[in-house]
Structures are given as structure tokens and as C-alpha cells.
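Counting convention: from 1, in listed order, for ligands and their atoms alike. The basis for the numbers below is simple: all heavy atoms, side chains too, and nothing from hydrogens, waters or symmetry mates.
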Amino acid sequence: MSIINPDISKAETLPSRYYTDSETFEKLRTKFTSNWHFAAHISDFEDNNVIPLPHLVGLMREPLVLTKNDEIRCLSNVCTHRGMLIANEKCGGSSLRCTYHGRTFGLDGCFRNMPEFEGVENFPSDADNLKEYPFSEWNGLLFSTLDGTAFEELLKPIIERIGWMPISEFKHDQTRHREWEVEANWALYVDNYLEGFHIPYVHEDLHGVLDYDNYRTELFDGGVLQVGMANKGEACFDLPESSPDYGQEIAAYYYWIFPGLMLNFYPWGLSVNIISPISVNRTKIIYHGYVWDENKLGEGAGADLDKVEMEDQFVVEATQQGVSSSAYERGRYSPNRETGVHHFHRILTSQ
Ligand code: FES
Ligand SMILES: [Fe+2]
């Protein structure tokens, strides 16, 4: 049973130990290992067929690599000789070669060759191949997991809503890549993401382009969708008739998938934010940008993501200090504006 009351009008927010206590942090961190995580976008394969996934180490505790020949595979990126990481950068080629002592593997993970191993008994064996992990693709977005639970179920509400978007045609834009470390617990960063309540107070420019009164928060199993409606004349999606939102002026779809994946769709394309816990009060934030229509960069809700990010980081870091105070234990939720935060806290404290 969750310690968060299902009735938001009665509920109290997460106890502060969830943000400040190292043991609680370690327990919650295990929730990251059993989920699907964003690995890459299909356009990352444009000039490469080997894509290491260092961002997943923080999330799943596993160094993984995506490879592509006849098909895309997710493999262990750990050499079966003495454990060196094999691929350290995106690259091309028809095999994987460990830079430590030269062991090579096919792009299917099978052992191929090892120098100076003549006379070694029972070698090579299956244990010399790279382990393969579950992997799924939807519309050009590639996801990895360690245990492969229902992927389709997870994405169903997203597919129904924005399945019309040509996401697989978006192009990776390295200039939009960002990595930050914030002095705050990962869940505080997620809390802040899950409400538009703070927009008028914290994001002056963003507030100017979004229609705050019509900002919507929708809950689904394992996630939250926030729909940012555009103010008159501001950039919005050109929605096809097949969209359930046809006829509305939507500036952004902000998807969060438990525990720390954010898929932010703007008329210019997609900003993927990955929230990776480092310690109880330190979190890494990674941005990947995929451009759909470059003429729309710089417009609307997704115009200046760096500025919005800095504004968010300021409040999140200050809140970390606040929740660490002996004067603070728990708060209450706004039933109008904080249903997303409440939903997250329910998921986090269930099981
Ligand atoms: S660790 Fe890879 S070849 Fe030795
Ligand atoms: Fe914000």
C-alpha cells in the first residue's frame, strides 16, 4: 500500500526522507533497473553502426551497446576477456574490437578472434560471446531494458495520441546535446517537471507563449502527459485530422515515463531528457535533440530550452536545501495543478 493517499484532496506529499536519506535513495534506485529506457533514435545510425550507451550505465548499471548489421541488437559492451568496455564512441565498421588486447566480435555479439590464445582449452565457448539484451523500437525511438516487461502496454497511450508524428524521420542534432549535474535528488527534478503550476512564477518567457488556464495534465499507467496549449499567435502543431486533438492549438506534448524519461515534443521536433540519479542529492540530466522542422527552431514553448532548464534547476536545487531542513516534513497537493506529481508519488511509493 502506498503512503500517499489516493484522494489528492486528502493526500500529503512525499516525506522528506525520500529526497534526503541515502538508504531510501538506494532502495528507490532499484526501480530504475527494471524499466524500459530510451537508448537512441534511428537517425543516430546514419553514419554509424555501433552506438555505445553510456547514459544507461547510470540508470541500469549495465554498459550496453547498440549494433546494426542485418538487424539492430542491444549487446553487453563488456569484453569477455578481462572486462574492458569495448565501444567507447559511435563508429562504423563490420565488427567490434576491444582496444585492450584486440579481441573481436561480430555485430551480432559472437566471438570472432583473439590474439595469443593458441592452446587455450575449451576456447572459444559460448561464454566468450557478448550477452544480448531485450530491445524495442517504436517510430524510430529505440529502447532498452534488462528484463523486457510489456513495452507495447507502456507506449500505448503515446502511440494513440501522437502516433501520427513522423518521429522516425527526425534528425539527431548534436548541437542540442546537453549534460548537467544538479545538486538535488532526482525525484525533486521529476516533481518539478510534472506540474505547470510553477510556470507563471518561474518561467516568465515560457509563460508568455503558453495558455496557462488551459494547460492540461493527463495520467496514464506508468506516466503523465502534460499538454501545453499555445497562446494566440504562438507556434503550435499542425495537427492532422487523425489526431485526437485536431482543431486545438497545442504548443507542446510533455511526456514523462516512470521513473526518469521525458519526451518533449514541439513543432520543431523532440527533446529527450534523461534523469539519472547519481547520489541522494546529486542528479545528472541529459538532453538529446531530434529535429523535425528546423524552420520552427527558436519558436514557441521549445524555443529556449536552456533558459527554461536553468530556471528549473534554480528552484529544484533550492528545494533540495528546503526539504533537508528539520522544519519541513511533508506538504499538500493542489488538486487542480499537481495531479501529475501526486501520480508520480503514488507510483514511487507503491510495491
Ligand atoms: S579485455 Fe578485451 S581483449 Fe582483453
Ligand atoms: Fe519548469
What atoms in ligand 1 come closer than 4.0 Å to a heavy atom of [X]?
X	answer
R103	3 (S)
H81	1 (S), 2 (Fe), 3 (S), 4 (Fe)
M84	1 (S)

| Is there a donor-acceptor contact under 3.5 Å from the side chain of H343 to the main chain of F220? |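 Yes; judged by distance alone, with no hydrogens or angles, the pair exists.
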| said: With no hydrogens and no angle check, just 3.5 Å: does a side-chain donor-acceptor pair link N273 and N264? | reply: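 Looking only at side-chain atoms, N264 and N273 do form a donor-acceptor pair, the distance falling under 3.5 Å.
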| message | Using 2.8 Å as the threshold, say whether any N, O or S atom from D312 sits that close to the Fe ion (ligand 2). | response |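 Under 2.8 Å: D312 contacts the Fe ion (ligand 2) through an N, O or S atom.
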| request: Indicate if the distance from atom 4 (Fe) of ligand 1 to the nearest N, O or S atom of C79 falls below 2.8 Å. | output: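 It does not: C79 brings no N, O or S atom closer than 2.8 Å to atom 4 (Fe) of ligand 1.
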| query | Has C98 got an N/O/S atom less than 2.8 Å from atom 4 (Fe) of ligand 1? | reply |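 Given the 2.8 Å cut-off, C98 does not count as a ligand of atom 4 (Fe) of ligand 1.
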| task | Look at the rings of H41 and F170 and say which category their plane angle falls in: under 30° parallel, 30 to 60° tilted, over 60° perpendicular. | result |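 The arrangement is parallel - the two ring planes meet at less than 30°.
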| message | Counting only heavy atoms, tell me which of R82, H101, E116 gets closest to atom 3 (S) of ligand 1. | response |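 That would be H101.
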| field | For T13 against R330, the heavy-atom pair lying closest together | value |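 For T13 and R330, the tightest heavy-atom pair comes out as O-NE, 2.6 Å.
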| Knowing that exactly one of D191, T24, N185 qualifies, which makes a side chain to side chain donor-acceptor pair (under 3.5 Å) with Y19? |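 Among the candidates, only D191 passes.
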| Charged N-O contact under 4.0 Å between K232 and D211 |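 Answer for the salt bridge query: no.
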